[in-house]
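In what follows, a single structure is set out as structure tokens and then discussed.
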Amino acid sequence: MPIDYAKELNEQQLAAVQAEPGPVLVIAGAGSGKTRTLTYRVAYLLEQGVSPDRLLLLTFTNKAAREMLGRVGLLMPLDSSLIWGGTFHSVANRLLRRHASMLGYQSNYAIMDRDDARDVINACIPAAGIQVKDKRFPKGDVLVEIFSLAVNTGRSIDEVVRQQYAHFSEQIESIRAVQQHYVKRKKLNNSMDYDDLLSNLLCLFKSHPDVADVYGRQFQSVLVDEYQDTNRVQSEIVDCFVKGHRNVMVVGDDAQSIYSWRGANFANIMDFPKRYAGAKVFKIEFNYRSTPQILDLANHSISANVRQFAKNLAAVKPGGLKPRIMPAMNTSTQAAFVAAQLLELRDQGIPLAGMAVLYRSHFHSMELQMELTRRNIPFDITSGLRFFEQAHIKDVTAYVKLAINPMDEMAFRRIVLRMPKVGGATAAKLWGKRVDLRETAAAQFPDQPMACLKLLAGDAPKPARDEWNRFAMLMQQLAAPSVVNKPAELIRLAMEAGYEDYLKSQYENYASRREDLDQLALYAQRFEKTEDFLADLALMTEVDVDAGRSMSESPDEVVRLSTVHQAKGQEFRVVFVIWLADGAFPNARAIESIDGEEEERRLFYVAVTRAKDELYLVYPQLRLSGNYGDAFQRPSRFLKELPAHLYEKMETGEEY
DNA sequence: AGAGTGGGCCTTTTT
DNA sequence: GGCCCACTCT
């Protein structure tokens with residue numbers, strides 16, 4: 001049965017869905033049916049005769065892509081797995097695995113997460129001959145950010161430091177030296193960081209126009225979601241994909257651009273019509289999500305920003321309650337209020353799963369987590385640590401990584417650092433020896449890639465000898481061709497060879513960590529190649545992880561706790577925004593510049609527009625701050641900007 | 001002297 | 001959980 005587009009979509013959505021081929025920009029206000037529009041656009045293109053494997057859908061999370069493509073599958077008979085969809089990073093990874101050798105990598109390259117990048121950079125500081133003590137030299141954490149911004153915004157290190165890290169401008173030479181070491185080291189370790197995935201793809205396209213051409217022809221049509229949060233490299237990648245035919249639809253909302261701090265370029269969406277001459281611009285401005293009261297507040301708040309497309313987001317829903325502002329005595333009354341209110345709303349028939357608590361920074365959730373635990377209110381939290389970044393997961397995957405990429409220095413380092421009397425210096429020494437020994441060992445034992453580990457036992461500190469030998473034996477076992485591409489088996493073997501005992505001895509919550517690892521092994525079973533498994537883990541977003549978890553547990557009765565950033569794209573019947581104190585939200589460091597303040601305001605806008613029916617804006621008036629006694633908190637400037645008729649102020653309660 | 005380990009203190013947002 | 005600093009071991 002053909003799809004009746006006119007019946008399923010409103011006029012604005014319909015116009016965008018049925019737009020002629022060519023460059024198209026869709027400005028989609030919050031809750032305006034952006035996903036719906038993209039989904040129907042995909043279906044429409046397929047109906048027009050584009051074959052599924054010639055469509056490319058770039059999204060902000062892998063989950064978003066899966067959901068959209070799944071919905072297309074419901075609209076029409078189709079094997080939606082044929083459509084290319086996912087994050088920029090995961091699509092880049094798929095392409096780079098095929099063409100790694102053109103860029104001087106092996107196709108089994110490792111993907112470094114942020115911690116890995118920081119560690120390698122820290123190791124590069126002494127390697128570049130820098131005496132950290134002489135002057136204040138930036139730490140790995142800061143350097144990751146500087147390097148990353150330089151790549152993602154297409155600026156030089158000089159520019160980034162001078163513009164955003166002026167206090168380090170005297171050390172620019174040294175910073176550049178560290179970066180050069182970092183770049184070399186990554187290549188030596190056959191590893192790419194997140195930024196490399198994007199910039200190497202762009203580099204591939206630019207240095208091999210024939211390859212770019214192949215993909216330009218393969219993908220007849222490219223769709224990009226959340227375009228307001230793309231950075232310069234990403235927008236250039238899109239440009240390369242569509243250079244031949246210009247069939248590109250980008251969708252986004254400038255009012256929800258919240259990632260400029262990691263290089264997202266607001267100008268991408270603002271200037272799209274200039275970059276793509278003749279681009280059609282569509283606006284979809286009917287909000288189906290929120291009550292008029294919530295939307296009034298959101299619209300008023302965002303109107304204080306100067307840089308934006310003029311738009312008029314109108315509510316479709318009938319009236320509801322005014323948003324409520326709750327000044328809590330202090331942070332514990334804040335937590336108690338939220339907990340009590342959650343229970344009351346549940347009694348009124350709103351399931352916990354329809355409610356969320358949002359905040360600016362992860363640590364703002366600590367007190368609430370304790371309060372919810374105390375009251376037995378189940379919650380799910382998109383924590384600061386991604387699943388893959390927890391120590392026990394990283395420990396076990398280090399064995400897996402080393403098994404398939406013997407040059408993975410970070411994996412090696414992680415494993416040996418857990419041995420007694422081995423710290424950073426010894427780990428570095430052992431790695432150096434290992435690299436030297438590789439050739440000799442390869443000649444002596446040609447079919448045993450891990451043989452050189454055994455030869456190093458004498459170089460490990462005495463108390464670590466036994467463990468070293470077990471490690472060498474394990475690695476030999478893991479690298480055997482019969483198991484190396486069975487990731488679940490690798491995990492099981494590593495657990496049995498001693499990691500499980502280590503977990504037991506080390507952690508109070510051994511059982512739950514053990515469970516995580518069982519889950520991980522289970523998940524690993526579906527992969528035919530170990531490198532696919534590792535790439536999937538590294539490129540998984542927190543939201544993707546939750547999608548997996550809620551399939552196994554009952555998703556119905558848990559409250560969601562999340563940063564505003566991670567709540568992007570989601571909606572809830574009831575939303576609490578907590579810690580709305582000036583300095584916390586907006587964050588004190590973020591508002592040092594005007595642009596920063598506008599971005600914080602957009603973040604506030606994103607937070608409030610997650611709410612469908614009820615919105616609670618909460619802040620503590622007092623905060624216990626360690627040694628300095630209580631500190632008074634000013635309410636967020638975003639609350640002060642609101643005229644009183646837009647909200648209802650609640651009584652400061654003391655007990656809940 | 002160099003390296004490893006343990007205690008106290010802080011925490012912006014993320015692929 | 002990570003970083004810095006002080007203490008201890010080789």
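Source: prediction; values computed, not measured. The chains referred to below are lettered A, B, ... by the order of the sequence lines, with proteins before strands, and numbering in each begins at 1.
In this structure, the aromatic ring of A/W261 is positioned over the six-membered ring of the base of B/dT13, centres within 5.5 Å and planes within 30°.
Atom CD in A/E145 sits roughly 11 Å away from atom P in B/dT13 (whole-Å rounding). As a whole-Å value, the separation of A/Q566 CD from B/dT12 P is 15 Å. The CG atom of A/L358 sits 16 Å away from the C1' atom of B/dT12 (whole-angstrom rounding). Following rounding to the nearest Å, A/D195 (CG) and B/dT14 (C1') show an atom-to-atom distance of 11 Å. In this structure, A/D119 places its CG atom 13 Å from C1' of C/dG1, rounding to the nearest Å. To the nearest angstrom, P of B/dT13 lies 14 Å from CH2 of A/W579. Following rounding to the nearest Å, A/L417 (CG) and C/dG2 (P) show an atom-to-atom distance of 12 Å. Across the protein-nucleic acid pair, A/D116 atom CG and C/dG2 atom P stand 12 Å apart, rounded to whole Å.
In this pair, A/Y359 and A/H362 present their aromatic rings perpendicular. The plane angle is above 60°, beyond the 30 to 60° band.
Within the nucleic acid shown, A/F88 has no heavy atom closer than 4.0 Å to any nucleic acid atom. Within the nucleic acid shown, A/R118 comes within 4.0 Å of sugar-phosphate atoms alone, with no base atom in reach, counting heavy atoms only. A/V422 comes within 4.0 angstrom of sugar-phosphate atoms only, judged by non-hydrogen atoms across all strands, and of no base.
You'll find a donor-acceptor pair under 3.5 Å spanning the side chain of A/R360 and the base of B/dT13, going by distance alone.
Listed nucleotides B/dT14, B/dG4, C/dC3 differ in distance to A/K421; the shortest reach to its side chain belongs to B/dG4. For A/K139, whose side chain is taken as the heavy atoms from C-beta onward, the closest listed nucleotide among C/dC3, B/dT13, B/dG4 is C/dC3. Of the listed nucleotides (B/dT13, B/dT15, B/dT12), B/dT13 has the atom at the smallest distance from the side chain of A/T563. In the set B/dT12, B/dA3, B/dT13, B/dT13 carries the atom at the smallest distance from any side-chain atom of A/H362. Closest contact between the side chain of A/H565 and the listed nucleotides B/dT15, B/dT5, B/dT13 involves B/dT13.
For the pair A/K186 and A/D193, the salt-bridge criterion is met [side-chain N within less than 4.0 Å of a carboxylate O].
Looking at which nucleotide of DNA chain B each of A/E599 and A/T426 is closest to, the 5′-most match is held by A/T426. Toward the 5' end of DNA chain B, the nearer of the two residues A/R589 and A/P420, judged by each one's closest nucleotide, is A/P420.
Under the 6.0 Å distance and 45° angle rule, A/R185 does not count as a cation-pi partner of A/Y182.
Minimum heavy-atom separation, A/N265 to A/R232: CB-N, 4.4 Å. Between A/L197 and A/L539, the shortest heavy-atom distance links the atoms CD1-CD2, 3.7 Å.
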